[in-house]
Q: 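Please find one structure pasted underneath; my questions will follow.
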Amino acid sequence: MADKFYITTPLYYVNASPHIGHSYTCIAADTLARHMRHVIGEKNVWFLTGTDEHGQKIQKAADAQGLSPLVFADNTVGQFKKLWEVLNISYNDFIRTTEDRHKRVVARVLDILYKKGDIYQDTYQGWYCTPCETFWIESQLSEGKCPDCKRPVEKISETNYFFKLSKYQDWLVEHIKNNPDFIKPASRYEEVSRFLELNKLSDLCISRPRERLGWGIPLPFSPEHVTYVWFDALINYISAVGDFNDEGKYISRWWPADIQLMGKDILRQHAVYWPIMLRALDIAPPKLIFAHGWWMMGESKMSKSLGNVVSPIEMAHKYGTDPYRYFLLRDVPFGLDGNFSEESIIKRYNSDLANDLGNLVFRTLTMIEKYFSGNVPVMQDQHLSAQGKLIKEKLLNIEQMVISSLNVCGFSQALEEVWSLINMANKYVEDTKPWNLAKENKTEELKTFIALLAKVIRQVGKTSACFMPKTAEAIFGQIGEATINKSGPLFPRIDTK
RNA sequence: CGCGGGGUGGAGCAGCCUGGUAGCUCGCAAGGCUCAUAACCUUGAGGUCAACGGUUCAAAUCCGUUCCCCGCAACCA
């Protein structure tokens, strides 16, 4: 087992409010971070998230509201931070690309790569759409016009700086081949490998002329240019947790990242550009790049123009933070696309949380109250039935099952494991018929039976704590080692009729 | 011949890599039970695994062909 665990989400672009996709990535990362804190200790885990704030989109959006880009970004950052608070996201650090610590490292990176000769200048022809303030290359035009607004474009020549991606293509192909677990899920690994085998990478344009775009980090060797947003943003993963020494060597307690999570849409940047940038800097690549799927809204994907963007904060308020977290991680295997609907949330809520888990806790508490006046009895193995022994066994290895599932980001799998224990327990009640034991005064059997149930519930709380932190607390609050403190049902059923 | 994903009981999916009684969740029906949030437990109905052809003793699973659905400028999880 690793002695440290560094996990990142992408830096979310602040041009719009957070949606469920953002919340999905952070909830997944948070769950892994909480899990690992439990496994290897709080001090050995670092969970980074943050915001990406430069670039033309931001500048335009800010202009539209008559705000400075930074003030505009501040507003959106506030929304993200508020959301993470509501969703119980336990990040250790929140980095903004507008912070000095980041800008300094970006400048350093540019400087190192420039001196090394991996960044070069080039002048090329292209087309400019003045109303859109956008530069297009020939192949992007639509019938010779601006693909956005369909207006005529103007031919211009521009000088920019390029990063030598192509120089490192062979290395990357090799690295990927030698590290079959570098990119997950496997289908994405195939996708990237094939892409790299079939295509010759072109060098990456990493600058924008300042006269056209002021909102960015200036190139240290050419103040007339600012850095392209992706080049800027990716560097956050190292700028947040380390720095370069005088010799240009990167020093960090946390790097390389153990897992970098992202949506499938930005896999290319993370699986191709990013490792190559690191390679050029003589920094180790991340250990694992995991691209998860998208949440679709019924038949179509979520988009602003379709007006089907769902607010995660609204969902969390309506159904509760933990049910929302649970739903996202349970309903769809991580890596695949899912269908988002309130109906499916309600379904999961009622059947898994209210009926299975909530009811198990509630009925157990009632029995402890009724049969033992609120004192949790002590278990005596000799009074354990065969079924009880099986459950006890499951109790012992459930933690290991959850760990091995989470080791490969198998969130839904891990939860299925926990729920199989819950289902066993519910059946155990049914089969044991404690009400008969009570009538027949088989007190010892009854004690052991109840004691085992209490253990099951506490174990469920323990193993699901990383998914549903508040629920785990509530469970421990209600069923202590020796006494109980019964309050209402954990998850009151949602009546849909 | 652009690329990728997919077509499995009413719904959503797993199984396919490493062929061998078609499985899970939800829904539905009947029954059981009473500790419980009309919750829990059991049983049942329901599928020619998109179609056709091939390989094989044996195919949802491998091979080929066809049909259908979804996504594929940029930005975005």
Side-chain angles (χ1 to χ4, degrees), chain A residues 9-16 18-29 52 55-58 60-61 132 134 136-137 139-142 146-148 186-188 190-191 194-195 198 229-230 261-267 291-296 299-304 309 312 328 330-333 336-339 341 343-344 346-348 350-371 412-413 416 419-420 422-423 425-438 446 449-450 453 488-495 497:
Chain A
T9 70
L11 292 200
Y12 306 113
Y13 205 51
V14 292
N15 64 333
H19 54 64
I20 56 173
H22 300 111
S23 73
Y24 186 42
T25 317
C26 265
I27 288 170
D52 178 12
Q56 188 181 36
K57 291 254 172 199
I58 307 298
K60 276 181 147 180
C132 289
T134 307
W136 304 101
I137 57 169
S139 61
Q140 288 175 313
L141 296 182
S142 121
C146 169
D148 263 358
S187 55
R188 299 292 164 203
E190 299 298 338
E191 191 180 304
R194 190 139 30 99
F195 169 77
L198 298 179
V229 280
W230 265 112
L261 289 183
M262 74 222 54
K264 63 180 184 178
D265 49 313
I266 49 174
L267 175 62
H292 66 242
W294 270 0
W295 284 98
M296 313 294 283
E299 292 304 299
S300 46
K301 79 180 184 189
M302 192 170 47
S303 85
K304 273 203 174 154
V309 175
L328 291 181
R330 172 63 186 81
D331 211 48
V332 171
L336 300 182
D337 289 353
N339 278 306
S341 74
E343 270 171 85
S344 12
I346 292 172
K347 226 174 191 178
R348 281 286 172 203
N350 277 340
S351 73
D352 298 2
L353 298 177
N355 296 353
D356 294 343
L357 172 56
N359 186 47
L360 175 65
V361 173
F362 197 71
R363 71 200 300 203
T364 303
L365 285 166
T366 305
M367 287 189 273
I368 294 175
E369 210 167 47
K370 186 165 176 174
Y371 301 135
S412 55
Q413 230 184 322
E416 277 176 46
W419 254 255
S420 80
I422 293 173
N423 292 334
N426 271 323
K427 186 164 164 45
Y428 181 46
V429 177
E430 215 55 44
D431 295 348
T432 308
K433 304 191 196 324
W435 46 94
N436 286 345
L437 294 182
L446 189 57
F449 160 78
I450 298 274
L453 279 187
L490 238 31
F491 303 100
R493 257 184 87 84
I494 298 173
D495 205 343
K497 277 179 298 216

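Lettering follows sequence order; numbering is per chain, from 1.
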Q: Report which part of the nucleic acid Leu365(A) touches: base, sugar-phosphate, or nothing (heavy-atom distance under 4.0 Å, all strands).
A: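 Touches nothing.
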Q: Looking at every strand, decide which applies to Met367(A) at a 4.0 Å heavy-atom threshold: base, sugar-phosphate, or nothing.
A: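 Result for Met367(A) = base.
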Q: Looking across every strand, which nucleic acid part, if any, lies under 4.0 Å from Trp230(A) by heavy atom: base, sugar-phosphate, or nothing?
A: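 If one applies the 4.0 Å heavy-atom cut-off, Trp230(A) turns out to touch the sugar-phosphate alone, with no base involved.
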Q: In whole Å, I'd like the distance from the CG atom of Asp352(A) to the C1' atom of U37(B).
A: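 So the two atoms are 15 Å apart, to the nearest Å.
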Q: Taking atom NZ of Lys347(A) and atom CG of Leu353(A), what is their separation to the nearest 0.5 Å?
A: 15.0 Å
Q: Measure across Ala291(A) and Lys264(A) and return the closest heavy-atom pair with its distance rounded to 0.1 Å.
A: CB-CA, 3.9 Å
Q: Would you mind reading off the distance between Asp331(A) atom CG and C26(B) atom C1', rounded to a whole angstrom?
A: 11 Å
Q: In whole Å, what separates the C1' atom of G6(B) from that of U18(B)?
A: 23 Å
Q: For the residue pair Val332(A) and Trp295(A), what are the closest heavy atoms and their distance?
A: CG2-CH2, 3.7 Å
Q: If the cut-off is 4.0 Å, is Trp435(A) near the phosphate of U34(B), judged by side-chain N/O to OP1 or OP2?
A: yes
Q: If you look at every strand shown and take non-hydrogen atoms under 4.0 Å, does Tyr12(A) touch a base, only sugar-phosphate, or nothing?
A: sugar-phosphate
Q: Would you mind telling me which residue lines up with the more 5' stretch of RNA chain B, Pro434(A) or Leu11(A), judged by nearest nucleotide?
A: Pro434(A)
Q: Expressed in whole Å, how much space separates the C1' atoms belonging to A14(B) and G7(B)?
A: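 Nearest-Å result for A14(B) against G7(B) at atom C1': 15 Å.
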Q: Quick one: does His19(A)'s side chain have a donor or acceptor within less than 3.5 Å of a partner on Pro312(A)'s backbone?
A: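 No; zero donor-acceptor contacts below 3.5 Å.
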Q: Scan Phe362(A) against the nucleic acid and name what it touches under 4.0 Å (heavy atoms): base, sugar-phosphate only, or nothing.
A: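 Base contact.
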Q: Reckon Pro489(A) touches a base, only the sugar-phosphate, or nothing at all at heavy-atom distances under 4.0 Å?
A: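 It contacts base atoms.
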Q: Does the side chain of Trp295(A) get closer than 4.0 angstrom to OP1 or OP2 of C76(B) through an N or O atom?
A: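 Checking C76(B) against Trp295(A), no side-chain N or O comes under 4.0 Å of OP1 or OP2.
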Q: Quantified in whole Å, what is the P atom distance between nucleotide G47(B) and nucleotide G10(B)?
A: 8 Å
Q: So which heavy atom on Gln56(A) is nearest to which on Tyr13(A), and how close?
A: N-OH, 4.2 Å
Q: Between Ser412(A) and Pro333(A), what is the shortest heavy-atom contact and its length?
A: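 What the structure gives for the nearest pair is OG-CA, 3.6 Å.
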Q: Give the rounded distance in Å between these two atoms: NE2 of His292(A) and P of A77(B).
A: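 Going from His292(A) (NE2) to A77(B) (P), I get 9 Å.
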Q: Using a 4.0 Å heavy-atom cut-off, write out nucleotides 39-44 of chain B from 5' to 3' as B (base contacted by protein), S (sugar-phosphate only) or - (no contact).
A: SBSS--
Q: For the pair made of CD1 in Ile494(A) and C1' in A38(B), what is the distance, rounded to whole Å?
A: 16 Å
Q: Return whichever of Asp337(A) or Thr25(A) has its heavy-atom-nearest nucleotide of RNA chain B closer to the 5' end.
A: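 The 5'-side residue here is Asp337(A).
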Q: Determine the Euclidean distance between corresponding C1' atoms of G27(B) and G12(B); express it in Å to zero decimal places.
A: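 Those two atoms are separated by 11 Å.
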Q: Atom CG of Asp265(A) to atom C1' of G71(B): distance rounded to whole Å?
A: 13 Å
Q: Whole angstroms only, please: what is the OH-C1' distance between Tyr428(A) and A36(B)?
A: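 The answer, rounded to whole Å, is 17 Å.
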Q: Looking only at atom P, what distance separates A60(B) and G19(B), rounded to whole Å?
A: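 My reading of the P atoms in A60(B) and G19(B) gives 14 Å.
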Q: Could you measure between the two C1' atoms, the one in A45(B) and the one in C28(B), and give it in whole Å?
A: 9 Å
Q: What's the CG-P distance between Asn339(A) and A77(B), to the nearest Å?
A: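 Atom-to-atom, Asn339(A) to A77(B), this comes out as 20 Å.
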Q: For C72(B) versus U66(B), give the span between their C1' atoms, rounded off to a whole number of Å.
A: 24 Å
Q: Keeping Asp52(A) on the side-chain end and Leu11(A) on the backbone end, is there a donor-acceptor pair under 3.5 Å?
A: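 Such a contact is absent between Asp52(A) side chain and Leu11(A) backbone.
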Q: State which of C76(B), A74(B), U37(B) makes the closest approach to the side chain of His19(A).
A: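 Of the candidates, C76(B) comes closest.
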Q: Contact between Val229(A) and Lys57(A) at the side-chain level, heavy atoms closer than 4.5 Å - yes or no?
A: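 Of all side-chain heavy-atom pairs linking Lys57(A) with Val229(A), none is under 4.5 Å.
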Q: Would you mind reading off the distance between Ile266(A) atom CD1 and A73(B) atom C1', rounded to a whole angstrom?
A: 18 Å
Q: Let me have RNA chain B in dot-bracket notation, would you? Count Watson-Crick plus G-U wobble pairs, both distances under 3.5 Å, and use [ ] for pairs crossing earlier ones and | for inter-strand partners.
A: .(((((((.[[[[.)....(..]]]].(((((.......))))).....[[[[[..)....]]]]])))))).....
Q: Supply the atom-to-atom distance Ile494(A) CD1 to Ile346(A) CD1, rounded to the nearest 0.5 angstrom.
A: 5.0 Å
Q: Base, sugar-phosphate, or nothing: which does Leu490(A) touch, judged by heavy atoms less than 4.0 Å apart?
A: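 If one applies the 4.0 Å heavy-atom cut-off, Leu490(A) turns out to touch a base.
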Q: Does Gly293(A) reach a base, just sugar-phosphate, or nothing at all? Heavy atoms under 4.0 Å.
A: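 Touches a base.
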Q: To the nearest 0.5 Å, what is the distance between CG (Asn426(A)) and CZ (Arg363(A))?
A: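 So the gap between those two atoms works out to 5.0 Å.
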Q: Test your reading of the model: is there a side-chain donor-acceptor pair from Asp337(A) to the backbone of Gly293(A), 3.5 Å cut-off?
A: no
Q: Taking C13(B) as the reference, what is the distance to U8(B) when you measure between their C1' atoms (whole Å, please)?
A: 9 Å
Q: Nearest 0.5 angstrom please: Thr25(A) OG1 to Tyr12(A) OH, how far?
A: 4.5 Å
